Amino acid sequence: MNITYKTDFTPDTQLIIDLYNSSGINRPTADRDRIEMMYTNSNLVVTAWDGETLVGIARSLTDFCYACYLSDLAVRKEYQAAGIGRQLIALTKEIIGEQSMLLLLSAPAAMDYYPKVGFDKVENGFMIKRSR
């Protein structure tokens, strides 16, 4: 497996939807416009490719100097446990620099994954959930 990583563009929305559907991540993939808007309004996207196949993606919102919110990390099911997610996180961290913190909200099924790749669990957060 020869995986290449890119940080210089955003993939086509349908490729992202197909990846999300394959990965098991819970996103509104039936709403193409919403997925497209999610990426239009993000300022850091790191992708993983196996040839022409999009196999992983990390989507973040950041100021590149203090804080970065990693809002999506998805790897195609058949590529999971191959270190792709770990590399997407590493490249995100490299781009935002040591001065920025990296924060995320985990899906319940991924709570055991993030400590393995260097995240500390935090207890001092709050949120107002989306209505849809």
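Since the structure is predicted, the reported quantities are computational estimates derived from the model, not experimental observations.
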Kindly say whether [Y] contributes a backbone atom to a donor-acceptor pair with the side chain of [X] at under 3.5 angstrom?
X	Y	result
S23	K77	no
T92	L88	yes
R59	M38	yes
S100	Y66	yes
Q99	F64	yes

Taking atom [atom1] of [X] and atom [atom2] of [Y], what is their separation to the nearest 0.5 Å?
X	Y	atom1	atom2	value
C68	L61	SG	CG	7.5 Å
T10	I16	OG1	CD1	6.5 Å
D50	I84	CG	CD1	7.5 Å
T29	Q14	OG1	CD	9.0 Å
I3	T47	CD1	OG1	11.0 Å
F126	N124	CZ	CG	7.5 Å

Under 4.5 Å between side-chain heavy atoms, hopping through other hydrophobics if needed: is there a path connecting [X] to [Y]?
X	Y	value
L91	V55	yes
I35	Y69	no
L19	V46	no
V45	I95	no
I57	Y113	no

Requested in this report: Check the surroundings of atom CE in M101: do more than 12 heavy atoms from other residues, nucleotides or ligands lie under 6.0 Å from it?
Outcome: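 Counting neighbours around CE of M101, more than 12 heavy atoms of other residues, nucleotides or ligands fall under 6.0 Å, so yes.
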
Requested in this report: Determine whether more than 12 heavy atoms belonging to other residues, nucleotides or ligands lie under 6.0 Å from atom CG of D8.
Outcome: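 Yes - once you tally the heavy atoms of other residues, nucleotides and ligands closer than 6.0 Å, there are more than 12.
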
Heavy-atom closest pair, residues [X] and [Y]:
X	Y	result
P28	R34	CG-CD, 3.8 Å
E78	S22	OE1-OG, 3.7 Å
A110	S106	C-OG, 3.4 Å

Query raised in the report: Does the side-chain contact (heavy atoms from CB on, under 4.5 Å) test come out yes or no for W49 and L54, once each step is laid out?
Result: CA-CA 5 Å; W49 299 84; L54 178 64; 3.8 Å; yes

Report task. List the steps and the verdict of side-chain contact (heavy atoms from CB on, under 4.5 Å) for L73 and L104. Result -> CA-CA 9 Å; L73 179 67; L104 64 84; over 6 Å; no

Query raised in the report: side-chain contact (heavy atoms from CB on, under 4.5 Å) between I17 and T13: does it pass, once the steps are laid out?
Result: CA-CA 6 Å; I17 289 169; T13 303; 3.9 Å; yes

Query raised in the report: Y39 vs Y20 aromatic rings, parallel, tilted or perpendicular, using cut-offs 30° and 60°?
Result: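 The arrangement is tilted - the two ring planes meet at 30° to 60°.
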
Query - Verdict with reasoning, R76 to D18, per side-chain contact (heavy atoms from CB on, under 4.5 Å) - result: CA-CA 9 Å; R76 197 173 280 281; D18 293 344; 4.3 Å; yes

